[in-house]
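For reference, the structure discussed in these notes is given below.
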There are 2 protein chains.
Amino acid sequence: MDIGLLQELKSVVAPEQVSTSAQDLKFFASDQGPITAYCEPDVVVWAESVADVQAVVRLAAIHDIPIVARGAGTGVSGGAHATPGSLVLVLDRMNAILELNAQDEIARVEPGVINADLNDAAAVHGLMYAPDPASYKTSTIGGNIATNAGGLRCAKYGVTRDAVLALDVVLADGTLIHTGHRTFKGVAGYDLTALFVGSEGTLGIVVGATVRLKYLPVDIRTLAVFFPDVRSAAAGVLALGKARVQPCILEMIDGASLEELDSHHGTDLATRGNALLLAQFDGLAASQESDIAAAALSDLGGVVSREDPAEAERLVDLRRHNRGLDLDSDITVGEDVALPRSQLVHYVAALEDMALRHGVGVRIIAHAGDGNLHPTFWVPEAEPAKIAALNAALDESIEKALELGGTITGEHGIGQYKLRWLPLEQSEKVRHIQQNIKDLFDPQGILNPGKAIVMAL
Amino acid sequence: MDIGLLQELKSVVAPEQVSTSAQDLKFFASDQGPITAYCEPDVVVWAESVADVQAVVRLAAIHDIPIVARGAGTGVSGGAHATPGSLVLVLDRMNAILELNAQDEIARVEPGVINADLNDAAAVHGLMYAPDPASYKTSTIGGNIATNAGGLRCAKYGVTRDAVLALDVVLADGTLIHTGHRTFKGVAGYDLTALFVGSEGTLGIVVGATVRLKYLPVDIRTLAVFFPDVRSAAAGVLALGKARVQPCILEMIDGASLEELDSHHGTDLATRGNALLLAQFDGLAASQESDIAAAALSDLGGVVSREDPAEAERLVDLRRHNRGLDLDSDITVGEDVALPRSQLVHYVAALEDMALRHGVGVRIIAHAGDGNLHPTFWVPEAEPAKIAALNAALDESIEKALELGGTITGEHGIGQYKLRWLPLEQSEKVRHIQQNIKDLFDPQGILNPGKAIVMAL
Ligand SMILES: Cc1cc2nc3c(=O)[nH]c(=O)nc-3n(C[C@H](O)[C@H](O)[C@H](O)COP(=O)(O)OP(=O)(O)OC[C@H]3O[C@@H](n4cnc5c(N)ncnc54)[C@H](O)[C@@H]3O)c2cc1C
Ligand SMILES: Cc1cc2nc3c(=O)[nH]c(=O)nc-3n(C[C@H](O)[C@H](O)[C@H](O)COP(=O)(O)OP(=O)(O)OC[C@H]3O[C@@H](n4cnc5c(N)ncnc54)[C@H](O)[C@@H]3O)c2cc1C
């Protein structure tokens with residue numbers, strides 16, 4: 001990269017906050033998403049303060065350098081992939097919990113705070129930060145906000161957007177703005193906070209957030225319900241709805257995923273059934289709700305076991321790790337569709353049929369309470385014909401989800417990888433509006449260009 | 001109004017959908033908000049279909065006529081007040097529930113559906129549409145969306161924004177777009193749905209909505225807790241938070257409001273105490289939660305009575321009607337601040353002090369669980385000096401709310417009436433962004449101009 005510019009960068013922040021080492025450029029080239037066009041950034045900068053972010057953005061604006069904001073890099077859509085000539089701005093050192101107010105039931109945090117750290121701090125007060133992506137031990141609140149992350153207990157408590165009250169954002173010209181309110185409710189002006197949530201670093205850099213906390217539940221009951229096949233498990237999701245009980249966690253894991261878990265963790269889940277519904281209930285009515293659920297699910301042919309707290313914790317933890325096993329590679333590719341709940345059964349059947357027809361493998365895990373599925377297609381080796389089959393199955397699975405009234409991304413975001421499918425879901429007019437909003441916030445196009453939105457294929 | 005244009009209007013919709021009668025122009029001149037500059041529209045048009053809305057908007061665009069969308073006209077910020085030369089577009093005839101899908105737990109509705117009608121239809125399936133403004137028997141879903149309405153049970157279930165999944169919107173050029181998703185979760189592109197929610201008819205006309213339904217609670221317990229003064233009642237709100245129970249309704253009514261209710265309904269509430277906390281708990285744990293709440297509140301000096309279902313219903317209904325009594329007039333003016341919960345006690349004390357200093361009366365009701373207060377200031381007659389005192393108290397109450405970390409509007413919206421206070425809450429830069437968004441969606445400025453946002457005083 002231009003040596004003069006590098007000097008300038010090192011003068012607006014401290015020299016040790018800037019790196020062009022081969023190792024760093026490689027490490028910060030990509031997040032956990034599929035890599036379609038590998039590209040290293042020109043430089044990596046670690047911000048340590050709001051002023052750092054502002055100074056770096058201003059310099060980038062002058063020199064017309066694309067900025068890729070980065071939290072922990074656990075994104076799975078390539079939203080934090082470096083792009084040609086880019087500066088990766090890492091925010092994980094801005095990791096202070098600025099305030100945790102138990103009476104107001106809110107926290108103010110810097111963007112690099114790890115989700116689990118905020119939850120640990122809140123737990124001391126009997127509170128929790130509800131949105132808990134499976135990556136909660138590593139991902140940052142800033143990244144969670146930029147992707148509008150979901151998680152396991154979002155079935156009951158809502159997604160990131162529902163928890164964010166106010167934001168501090170550095171805009172493309174380096175200006176710092178504050179949006180939203182410290183109060184639970186507030187309707188002054190347009191909802192800019194919601195506009196930034198899920199915008200994947202393309203409208204501004206989140207440098208602070210005020211989030212709402214919820215009460216840590218006093219009781220937790222967990223059911224592991226095994227079914228003969230994944231379609232019956234999917235039917236179980238509807239049965240719970242019909243019983244009008246609201247699990248805080250409702251995860252579905254198919255037989256192939258159970259085997260995968262067993263082979264990595266030495267468990268024997270697959271011997272217990274070909275599909276697992278993991279249902280957790282919390283709060284004062286947890287035991288009543290889990291009784292109702294157990295009855296509804298065993299009526300449906302599920303084999304219900306009530307898990308003691310330690311075993312329940314282990315199962316939920318296994319589920320959380322499952323995504324780790326399914327990270328994309330050249331022979332594995334996962335997706336993130338969400339469906340109206342009545343379509344879960346049909347979609348699961350369609351996926352199995354698709355895999356069979358295309359001669360590829362499929363594993364399915366799902367945040368089933370939200371209708372959000374993560375099927376993973378895989379082939380044994382990276383032969384061209386097999387890869388073609390993999391991609392054909394993948395494309396078909398996306399089209400099918402849309403056909404059934406679903407969306408192409410329930411929680412992972414469009415990033416770079418899902419750009420090609422966006423026009424299937426959103427009309428040209430809607431994409432045009434989004435491009436106009438992007439141009440409004442970032443006329444030069446320096447904030448994570450080529451991510452999140454797309455005008456045309 | 002121009003006779004040619006009137007003919008054109010009558011040709012794009014049916015003649016009986018258009019009126020310029022003196023009576024209609026008067027009726028549709030204002031909503032329930034304070035009137036600062038009375039103005040009648042040039043014409044009133046009742047839309048009966050999406051195509052009607054598109055045709056009227058296209059015609060208005062050609063002739064540069066401002067359009068004021070109107071649901072039931074129950075708004076209290078003047079958002080639906082007519083402006084000079086305007087066309088009021090009434091949407092209450094578009095009142096079909098297009099779909100109510102109990103498995104998917106969603107409904108698709110036209111904008112003119114009355115909130116209570118949707119709730120009645122959902123109740124048949126054991127479901128409810130959670131956001132319930134006190135005006136739920138008359139206000140429309142379209143109006144609720146355009147104002148991001150709150151309500152009584154929002155303390156537990158969230159506000160309108162949290163319930164809206166997708167929208168059909170007619171833009172300023174007559175184009176129809178669809179935003180959002182039918183699924184509970186979805187993060188494709190920017191959150192345009194949230195941008196339209198709360199935009200008070202200034203960015204587009206909502207002609208359809210897909211909303212999420214929640215489970216109708218199986219059990220409901222209601223506590224009426226009387227306190228010697230409103231400050232203690234406000235302290236009770238914090239005590240409940242500390243006890244970590246989540247009421248679905250938590251309303252606070254001060255002594256002056258109790259007297260007002262008594263005088264209109266022949267009740268004897270004021271004899272029971274000088275402030276009332278009305279706390280309702282729902283769901284399977286309702287009785288446990290209300291026991292915990294009762295203990296916490298009586299520890300604080302509250303006199304707790306457990307209400308039987310009929311009496312509970314009556315009390316909640318009285319509370320709902322209370323706002324009807326407090327509608328603004330030339331001697332009465334109410335507001336809608338929201339505060340961080342820890343500040344409720346201080347704010348209530350400050351209000352009482354303010355009223356005393358300015359020599360005006362004050363009554364306070366609050367969606368206390370959300371920290372959202374509706375104080376009403378009043379004077380006995382419309383003398384200039386008294387009106388000046390009224391306005392001085394009002395302005396001070398707004399400034400005090402901001403000073404304590406609050407917002408100027410928790411749920412009623414900026415409309416026309418609160419424009420003057422918006423710059424106290426939002427920076428010039430933020431207001432500038434909002435103006436730019438407005439210009440993007442409505443370059444001609446024909447959608448409800450002069451409402452919701454403001455660049456400068
Ligand atoms: C094992 C595993 C499990 C997962 N489980 C889930 C899950 O259950 N639910 C879920 O939703 N996701 C899940 N994910 C995906 C990922 O963890 C989430 O998207 C997470 O929110 C990303 O946070 P991060 O800090 O790693 O952000 P990054 O990956 O660093 O960045 C993600 C996006 O946000 C932008 N960004 C980051 N920080 C900022 C900021 N401060 N300002 C502006 N833009 C910013 C980046 O440019 C990028 O576009 C999982 C990932 C893994 C690897
Ligand atoms: C007795 C009483 C109690 C109330 N209690 C509450 C309460 O608890 N919580 C609360 O939040 N509010 C409350 N309100 C205020 C009011 O009822 C709400 O703001 C309600 O959402 C307005 O709905 P409406 O159909 O009457 O809309 P209107 O008053 O007709 O319009 C409100 C605003 O929305 C716009 N608009 C209406 N329909 C559309 C559409 N389809 N597309 C685009 N823009 C549109 C209008 O232009 C206007 O700016 C109360 C009002 C009264 C009179």
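The shown structure was predicted, so the numbers you read here are calculated from the model rather than taken from an experiment. Convention: sequence-line order gives letters A, B, ...; per-chain numbering from 1.
Within the 4.5 Å cutoff, side-chain heavy atoms of B:Val430 are placed close to those of A:Leu192. Residues B:Asp439 and A:Leu440 have side chains not in contact (no heavy-atom distance under 4.5 Å, counting atoms from C-beta outward). Looking at A:Asp191 and B:Asp191, their side chains never come closer than 4.5 Å, going by heavy atoms from C-beta outward.
A:Ala188 and B:Leu422 get closest at one heavy-atom pair: CB-CD1, 3.8 Å. Nearest heavy atom pair, residue A:Ser342 against residue B:Asp104, reads OG-OD1, 2.6 Å. Closest heavy-atom contact between A:Ala194 and B:Arg161: CB-NH1, 3.8 Å. The minimum heavy-atom distance linking B:Thr183 with A:Gly406 is given by the pair CG2-CA, 4.0 Å.
Between chain A and the options B:Glu425, B:Gln246, B:Lys418, the largest number of non-hydrogen pairs under 4.5 Å is found for B:Gln246. Taking chain B as the reference chain and counting heavy-atom pairs below 4.5 Å, the highest number among A:Lys214, A:Arg244, A:Arg341, A:Lys429 is found for A:Arg244. By number of non-hydrogen pairs under 4.5 angstrom with chain B, the leading residue of A:Leu127, A:Val159, A:Ile106 is A:Leu127. Your options are A:Leu171, A:Leu344, A:Val245, A:Val337, and the one with the most heavy-atom pairs under 4.5 Å with chain B is A:Val245. For the options B:Ala102, B:Gly126, B:Gly198, heavy-atom pairs under 4.5 Å to chain A are most numerous at B:Gly126. If you tally non-hydrogen atom pairs under 4.5 Å between each of B:Ser427, B:Gly410, B:Ala285 and chain A, the highest count goes to B:Gly410. With respect to chain A, the highest number of heavy-atom pairs below 4.5 Å among B:Ala452, B:Gly371, B:Gly241 belongs to B:Gly241.
From B:Leu203, atom CG reaches atom CD1 of A:Ile433 across 10.0 Å, with rounding to the nearest 0.5 Å. Here B:Asp291 contributes atom CG and A:Leu284 contributes atom CG; the two are 10.0 Å apart, rounded to the nearest 0.5 Å.
Considering only residues two or more places apart in sequence or on other chains, B:Tyr347 meets the ring-ring contact (aromatic ring centres under 6.0 Å, His included) condition with none of them.
At a 4.5 Å heavy-atom cutoff, the contact between A:Asp162 and chain B is made by backbone and side-chain atoms alike. In this structure, chain A has heavy atoms under 4.5 Å from both the backbone and the side chain of B:Ser199. Of the atoms belonging to B:Ala155, it is backbone heavy atoms, and not side-chain ones, that fall under 4.5 Å from chain A. Neither the backbone nor the side chain of B:Leu216 comes within contact range of chain A; no heavy atom of the residue lies under 4.5 Å from a heavy atom of that chain. Of the two parts of A:Gln434, the backbone and the side chain both hold a non-hydrogen atom closer than 4.5 Å to a non-hydrogen atom of chain B. In this structure, chain B has heavy atoms under 4.5 Å from both the backbone and the side chain of A:Thr409. Only the side chain of A:Ile292 comes within less than 4.5 Å of a heavy atom of chain B; its backbone N, CA, C and O stay farther away. Only the side chain of A:Asp173 comes within contact range of chain B, judged by heavy atoms closer than 4.5 Å. Heavy-atom distances place both the backbone and the side chain of B:Asn148 under 4.5 Å from chain A.
Within the 3.5 Å criterion, the main-chain N or O of B:Leu238 finds no donor-acceptor partner in the side chain of A:Gln103.
Residues in residues 166-198 of chain A take part in these ring-ring contact (aromatic ring centres under 6.0 Å, His included) pairs, two or more places apart or across chains: A:Phe196-A:Phe441.
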Would A:Lys185 and B:Asp370 satisfy salt bridge (Lys or Arg N to Asp or Glu O under 4.0 Å), going step by step from the backbone distance to the final call? CA-CA 7 Å; A:Lys185 281 161 70 180; B:Asp370 290 325; 3.6 Å; yes
Go through the steps to decide whether B:Thr147 and A:Val187 satisfy the test side-chain contact (heavy atoms from CB on, under 4.5 Å), and finish with yes or no. CA-CA 8 Å; B:Thr147 56; A:Val187 294; over 6 Å; no
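Around the NE2 atom of A:His432, the shell of radius 6.0 Å holds no more than 12 heavy atoms that belong to other residues, nucleotides or ligands.
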